[in-house]
Amino acid sequence: MTRQPLLEIENLRVGFKVYGGELHVLDGVDFVVNKGEKVGLVGETGCGKTTTMKAILRILPQPPGFIESGVIRFHGRDLMQVKDREMRHIRGQGISMIFQDPTAALNPVFTIGQQLEPVIKYASPENRRLPRKVIRQKAIQALRDVSLADPERLLKAYPVQLSGGMRQRVCIGMALATNPELLIADEPGTSLDVTIQDQVLRLLHQLVEERDSSVILITHTLGIVRQMTDRLYVMYAGNMVETAPTRRIFTNPLHPYTQGLMDAVPKLTGGGVAHGIPGRIPDYLHPPTGCRFHPRCPHAMDICRQKKPSFYTVEEAHQVACFLYDTSSGADSAPARKEALA
Amino acid sequence: MTEDILTITDLKKHFVIGHNGLIHRTPITVKAVDGVSLSLRKGETFGLVGESGSGKSTVAYMTVGMYRPTSGTIRFRGEDLFDGSKERSKRHKKEIQIVFQDPGSSLNPRRSIKDILDLPLRIHQPQKNRLEEIVRLLSLVELPPEYMYKYPRQLSGGEKQIVAIARALATDPSIIVLDEPTSALDVSIQGKVINLLIRLQQEFELSFLFITHDLSLMRNVASRVAIMYLGKICEVADAAEFFENPLHPYTQMLLSSIPVLTEEEEALKPVKVESRGEIPSPVNVPPGCSFHSRCPYAEAICKQVDPEMKEIRPGHTVRCHLFASDRSQA
């Protein structure tokens, strides 16, 4: 099945200028989302997940942020060359985003209606000409779509009057109200309790399935992407380290970082808690040379300190950026590779 | 069976948050904790699990003496901790220590690690050589001694939490209350902190009251687990029994909501009890069983009568009408 790519990112490098130098956060990110595909992006705090998404939407604060190089194509068009005016339409109709913390995403001094109606109104030139009543109807429908009871009353309510789960539903409704082709959900359940998270994620899953939207689901909870996505990217310190169909990555993780991450999650089956990955995420002011994971990697070799690994295709659609899987490099890595695969 | 080191009996904490009426002012109260009884054995890890607003942190704060209970007692080795004696109160704070959720805000940013660890020593162990003691504490938690000259902002989140653990150890306590000690940390760091805690527990025979919302973590560290909902405990059991045979509908709902990684874990979940509804406001707790508004099995009696805690098997107690005496076989 070859689907058309909707969003392509090539070699994206983003840095931040800070006191004392430049932080080299994104170190050549490659990322593809096909039409209708649900893609997961997993990584720990500070690995650059949100920075990547902000670069896509061009909402990265510049300065201090700056894009060193790279191409972001949406429908084949380079988003960095698009005029601001057009970008605003892409943000509404093309790509929308759900943020982690719905309390911070909603303005506390405006009612839900005052925030939701403009989203619909300014989504496209056609909508701007619609009468207020129609816009209100669409807003009510958007809230109804996310299973919120009594939407008429909710439009007049302020965010503080809603619970956390309801606020996140409002944010999802707002993001989907314009029928975007690509939805970016940045940790949509993290600030919620597990039972509420489960409800919100089931709802989100059902809505995107109905609309056949493409989704990028960003999270650090591996279990969530397993339920909701077709393909998975694993990110570490500004690099994509592994990508594969979700099922495959869970049964056969290849990159030492992915393996460490999967091990570290406490399992319902018991058996104690793994020690996790030693060390910590690198300092972006002076990132490690070569593979950025090598200081924490149990299989690190000489080459890892010198050269940055590129993506090696291990099996169909399973790519991993690690020298252990470089079949061309000869004998020195073969034993380690065997051990890692065992 | 080992002895109970801490016994909590019918503990209640009601907060007055405002008043109703102009002349006959009736207080509006939040029943944050409403009749919690539990016991902690020597050297065990007791997991207290619940969603936000269930009152689990309030139980923690009362256990370490940060709040005074509205009613009920907390006994440490048989002594009532809130009998008003000043000396008892100081000993209470020495014996029962706490590690908070967010190490970023529980460590004073203006103080060096040395000062942070020095304060509890100055109060509770003034006779000791405090510098030596600080070095010993750092080595206990596997941090190099030069860390004492650092400030919290120079440490990573995991290291800060480890310093907070060292601070809790400074008074040589018997019990440490862990209030979500790893939920602010990344999963690759969590393992290190948890394993450190387990090692310290074995070394010093510590008892842990482990407060969390992470049931998967509890499966791996707790010896017993209790579930809290709206200020009450609804199920307690030994960890193995708890995960193999969860009885309360709320426990089943929680377990089936956990995102898991493998098919084997999926198989351990109880029959899917789909999560629905939201946790009601603790100001307006539903009458009867407080869970009835979200319970798929709710019946007429659940809306009127609050069920009692009932022991179904040895050590496994449930607060639910489904398991009332006449139907316990069902």
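Convention: sequence-line order gives letters A, B, ...; per-chain numbering from 1.
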Practice prompt. Look up atom CD1 in B:Ile189 and atom CD1 in A:Ile277, then write down how far apart they are to the nearest 0.5 Å.
Written response: 8.0 Å
Practice prompt. Walk me through it: do A:Lys267 and B:Leu261 pass the test side chain to side chain contact (heavy atoms under 4.5 Å, CB included)?
Written response: CA-CA 8 Å; A:Lys267 310 289 188 304; B:Leu261 298 196; 4.0 Å; yes
Fill in: Contacting moiety of B:Val187, where chain A heavy atoms sit under 4.5 Å
both
Worksheet item: Quick one: do B:Glu159 and A:Arg280 make a salt bridge, cutoff under 4.0 Å?
Response: yes
Worksheet entry | Option in A:Gly271, A:Gly260, A:Gly272, A:Gly165 with maximal non-hydrogen atom pairs under 4.5 Å from chain B | A:Gly272
Worksheet, complete the sentence: On a heavy-atom basis, the closest approach of A:Glu44 and B:Ser188 is OE2-OG, 2.5 Å
Item to complete: Please look at A:Gln227 and chain B and tell me whether the side chain, the backbone, both or neither of the residue comes under 4.5 angstrom of a heavy atom of that chain.
Response: side chain
Discussion item. Looking at A:His275, I'd like to know if its NE2 atom is crowded, meaning that more than 12 non-hydrogen atoms belonging to other residues, nucleotides or ligands lie closer than 6.0 Å.
Written reply: no
Worksheet item: Within a radius of less than 6.0 Å around NZ of A:Lys54, do more than 12 heavy atoms belonging to other residues, nucleotides or ligands occur?
Response: no
Practice prompt. Any pair with a residue in residues 190-221 of chain B that passes ring pair (Phe, Tyr, Trp, His ring centres under 6.0 Å), sequence neighbours left out, goes on the list, sorted by first then second residue, please.
Written response: none
Worksheet item: Is a side-chain donor or acceptor of A:Asp198 paired with a backbone partner of B:Ile258 at a separation under 3.5 angstrom?
Response: no
Worksheet item: Do the non-hydrogen side-chain atoms of B:Leu255 and A:Leu268 ever get within less than 4.5 Å of each other?
Response: yes
Worksheet item: Is any NZ, NE, NH1 or NH2 atom of the basic residue among B:Glu265 and A:Arg226 found under 4.0 Å from an Asp or Glu carboxylate oxygen of the other?
Response: no
Worksheet entry | Beyond-backbone contact of B:Gln190 with A:Pro266, side-chain heavy atoms, under 4.5 angstrom | yes
Worksheet item: Looking only at heavy atoms, what is the nearest atom pair of B:Pro259 and A:Gly223, with distance?
Response: CB-C, 3.4 Å
Worksheet item: Non-hydrogen atoms of chain A under 4.5 Å away: do they reach the side chain of B:Ile194, the backbone, both or neither?
Response: side chain
Worksheet item: What residue, out of B:Lys269, B:Arg294, B:Met218, has the most heavy-atom pairs lying under 4.5 Å from chain A?
Response: B:Arg294
Worksheet item: Above 12 or not: heavy atoms from other molecules or residues under 6.0 Å from NZ of B:Lys192?
Response: no
Response to the item:
Separation between OG1 (B:Thr262) and CZ (A:Phe250), nearest 0.5 Å, reads 10.0 Å
Fill in: Contact residues of residues 138-149 of chain B (partner chain A; heavy-atom separation under 4.5 angstrom)
none
Discussion item. Heavy-atom pairs under 4.5 Å with chain B: which of A:Met262, A:His220, A:Arg202, A:Gln197 has the most?
Written reply: A:Arg202
Worksheet item: By a 4.5 Å heavy-atom criterion (distance strictly below it), what part of B:Leu268 contacts chain A: side chain, backbone, both, or neither?
Response: side chain
Fill in: Pairwise distance CG(A:Asp193) to OG(B:Ser257) - rounded to 0.5 angstrom
10.0 Å
Worksheet entry | Neighbours of chain A found in residues 47-56 of chain B - heavy atoms under 4.5 Å | B:Glu51, B:Ser52
Worksheet entry | A:Thr269 portion near chain B, given a 4.5 angstrom heavy-atom threshold | both
Worksheet item: Which residues in residues 239-248 of chain B have a heavy atom less than 4.5 Å from any heavy atom of chain A?
Response: B:Phe243
Discussion item. Is it the case that atom CD in A:Glu209 sees more than 12 heavy atoms from other parts of the structure closer than 6.0 Å?
Written reply: yes
Item to complete: Identify which of A:Leu222, A:Val273, A:Ile224, A:Thr195 forms the greatest number of heavy-atom pairs closer than 4.5 Å to chain B.
Response: A:Thr195
